[in-house]
Amino acid sequence: MALVSSTELTADQSEKLQLLIDALPTILTELDKPTYDEIFGHRIGIEGTPYVEVAIRNEILLKFLVASEYDLALAKEKLVLTMNWRGKFNVLSAAYVEDFDAELEKMGIVTEFPGNKDNFRVVTWNFYNNVKLTKSWFVGFKAEEAAGTQQEPNGSPGLQFLRWRIGLMERSLALLEFSDSDNTKMAQVHDYKGASIFRIDSDMKAATKEIIKLFSDHYPELLSKKFFINVPLIMGWVFGFFRAMGIISASTLKRFEVMHHGDVSGLFGEDNLPAVYNGGLENRKVPDIFSKTVKKEAIALPTYAKVLLQQQGKIEGAAV
Ligand code: HEM
């Protein structure tokens, strides 16, 4: 039986994936906290261990292997680093438990367009354009950089903006179906309508850099395409700036597309979008993109995510 169903692997690739699966017992002993064996809400463990869903586990392992260009040692290292970071940051709490400022929540949403194929079904939207930034979202970012991981009073490291963005990412992942070739990745849109370079202050810059790094280290092979839309002509150079920073991999850069308009109907479907994103066609069913938000409450937690949060006493239910 094939190890994964999202894609067809060559014999060599299958062998590498099998070797990575066989290495799991060693990988798990290298974790900072042996009890934190979770990635994207799923248990990364040996077949037969409670909550290990082999098909999903294999798909997740494959993503790390592909991102490591089938270098086994590198894939193992990335897996350990990712589980350690996830445990320390407590990503699941950011995604499913913590509440954020209402203004911050306006900076991004996740939508789902069920009929879409080619990994354009789940889409995250970020509106980093005209929201007034609030200092408390960023305070301590630099302190955190200097001191490693800063613990907040509520026991959650990192600052509001970062926790909110990672939470959004995690909830989007919960809508994917890793074994389905049409739905194993998400698309992302950044709307920069009206963006001004004068609004990017140093805190936002630090946060941006940190998020880019976290996405590249810990969220491999999850992006189908990322569209930067309504980019003002005068700000086109910003893309080149990010490329020159050298922290975004070549394979990720290939998935980026810059547009100086906001018509994405050819990508996500006219009927799914409000007038601002479908070329101006009035759409009574979708007055604005926020009406398509998949709310936090509507997202089903992956089983193991629920178990871990129950064990931490962060959500109700028997800790198993
Ligand atoms: C007001 C101006 C802007 C703000 C506040 C802003 C904010 C951000 C933030 C917070 C991220 C982190 C990644 C994420 O959340 O998905 C990001 C990533 C990025 N932004 Fe912007 N941005 C601005 C303007 C621009 C412009 C004009 C461009 C040009 C196309 C651009 C291109 C990028 C690129 C290429 C990334 C990396 C994406 C990734 O690695 O996933 N940004 N930006």
Side-chain angles (χ1 to χ4, degrees), residues 63 67 89 91 94-95 100-101 103-111 119-120 122-139 141-142 144-145 158-173 176 185-264 267 289:
K63 288 182 188 294
F89 192 90
V91 287
F100 300 100
D101 289 358
E103 285 300 305
L104 188 50
E105 297 282 9
K106 283 187 203 154
M107 289 182 97
I109 56 169
V110 56
T111 61
N119 294 300
F120 277 16
V122 176
V123 187
T124 63
W125 302 74
N126 283 115
F127 314 99
Y128 293 142
N129 44 356
N130 47 14
V131 179
K132 204 172 142 286
L133 299 179
T134 302
K135 275 287 158 198
S136 63
W137 298 347
F138 301 102
V139 174
F141 242 106
K142 289 174 207 113
E144 186 191 5
E145 271 181 359
L159 295 153
Q160 263 214 75
F161 184 80
L162 189 57
R163 298 196 66 75
W164 163 79
R165 181 68 184 95
I166 294 295
L168 179 69
M169 183 70 171
E170 291 290 324
R171 290 195 301 282
S172 326
L173 294 179
L176 298 177
K185 296 178 183 179
M186 72 181 76
Q188 299 187 345
V189 177
H190 279 204
D191 184 351
Y192 287 128
K193 194 175 175 74
S196 155
I197 201 70
F198 302 111
R199 293 221 184 88
I200 316 181
D201 69 357
S202 57
D203 292 327
M204 188 55 152
K205 270 192 215 146
T208 301
K209 212 169 137 200
E210 179 130 7
I211 293 166
I212 293 173
K213 170 121 179 60
L214 289 173
F215 281 0
S216 111
D217 288 349
H218 304 304
Y219 294 93
E221 294 299 309
L222 289 161
L223 188 66
S224 53
K225 287 280 264 172
K226 189 155 179 155
F227 301 98
F228 304 88
I229 67 168
N230 287 318
V231 174
L233 278 171
I234 194 170
M235 288 182 83
W237 60 270
V238 178
F239 190 75
F241 170 78
F242 278 110
R243 198 171 18 211
M245 270 166 76
I247 54 171
I248 305 172
S249 73
S251 82
T252 302
L253 279 169
K254 265 194 242 151
R255 295 171 210 196
F256 289 177
E257 203 172 312
V258 178
M259 299 177 180
H260 297 293
H261 61 83
D263 185 353
V264 284
L267 304 163
I289 195 67

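Atoms within a ligand are numbered from 1 in the order they appear, just like the ligands themselves.
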Identify which of Phe228, Trp237, Phe256 has a heavy atom lying nearest to atom 34 (C) of ligand 1.
Phe228

Side chain Arg255, main chain Lys226, donor-acceptor under 3.5 Å
no

Which of the ligand 1 atoms, numbered from 1, are nearer than 4.0 Å to a heavy atom of Ile212
37 (C), 40 (O)

Flag Tyr192 as yes if one of its N/O/S atoms falls below 2.8 Å of atom 21 (Fe) of ligand 1, otherwise no.
yes

Answer side chain, backbone, both or neither: which part of Tyr128 comes under 4.0 Å from ligand 1, heavy atoms only.
both

Would one find an N or O of Thr208, backbone or side chain, under 3.5 Å from an N or O of ligand 1?
no

I'd like to check which ligand 1 atoms, numbered from 1 as shown, lie under 4.0 Å from a non-hydrogen atom of Met204.
5 (C)

Residue Met235 vicinity, atoms of ligand 1 by number, heavy atom under 4.0 Å
27 (C)

Please name the pair of heavy atoms, one in Leu214 and one in Tyr219, separated by the smallest distance, quoted to 0.1 Å.
O-CD1, 3.7 Å

Using a 3.5 Å cut-off and no angle test, enumerate the donor-acceptor pairs between side-chain atoms of residues 245-252 and protein atoms at least two apart in sequence or in another chain.
{"unit_1": "Ser249", "atom_1": "OG", "unit_2": "Thr252", "atom_2": "N", "d": "3.2"}
{"unit_1": "Ser249", "atom_1": "OG", "unit_2": "Thr252", "atom_2": "OG1", "d": "2.9"}

Of Trp164, Phe215, Phe242, which has the heavy atom at the shortest distance from atom 19 (C) of ligand 1?
Phe242

Determine the interplanar angle of the Phe161 and Tyr128 rings, folded into 0 to 90°, and report it as parallel if under 30°, tilted if 30 to 60°, perpendicular if over 60°.
tilted

First locate atom CG of Leu253, then atom CZ of Phe239, and finally report the distance between them rounded to the nearest 0.5 Å.
5.5 Å

Any atoms of ligand 1 less than 4.0 Å from a non-hydrogen atom of Val238? List them with their elements.
25 (C), 26 (C), 27 (C), 28 (C), 29 (C), 31 (C), 42 (N)

For ligand 1, the portion of Phe239 having any non-hydrogen atom under 4.0 Å away
both

Test item: Asn230 side-chain N/O and Gly262 main-chain N/O as donor-acceptor pair under 3.5 Å
yes

Does the distance from a Lys or Arg side-chain N to an Asp or Glu carboxylate O, for Glu103 and Lys106, drop under 4.0 Å?
yes

Would you mind running through ligand 1 and noting each atom that sits below 4.0 Å from a heavy atom of Lys226?
14 (C), 16 (O), 38 (C), 39 (C), 41 (O)

Is it the case that the side chain of Lys185 and the backbone of Asn119 share a donor-acceptor pair, with hydrogens and angles ignored and the cut-off at 3.5 Å?
no

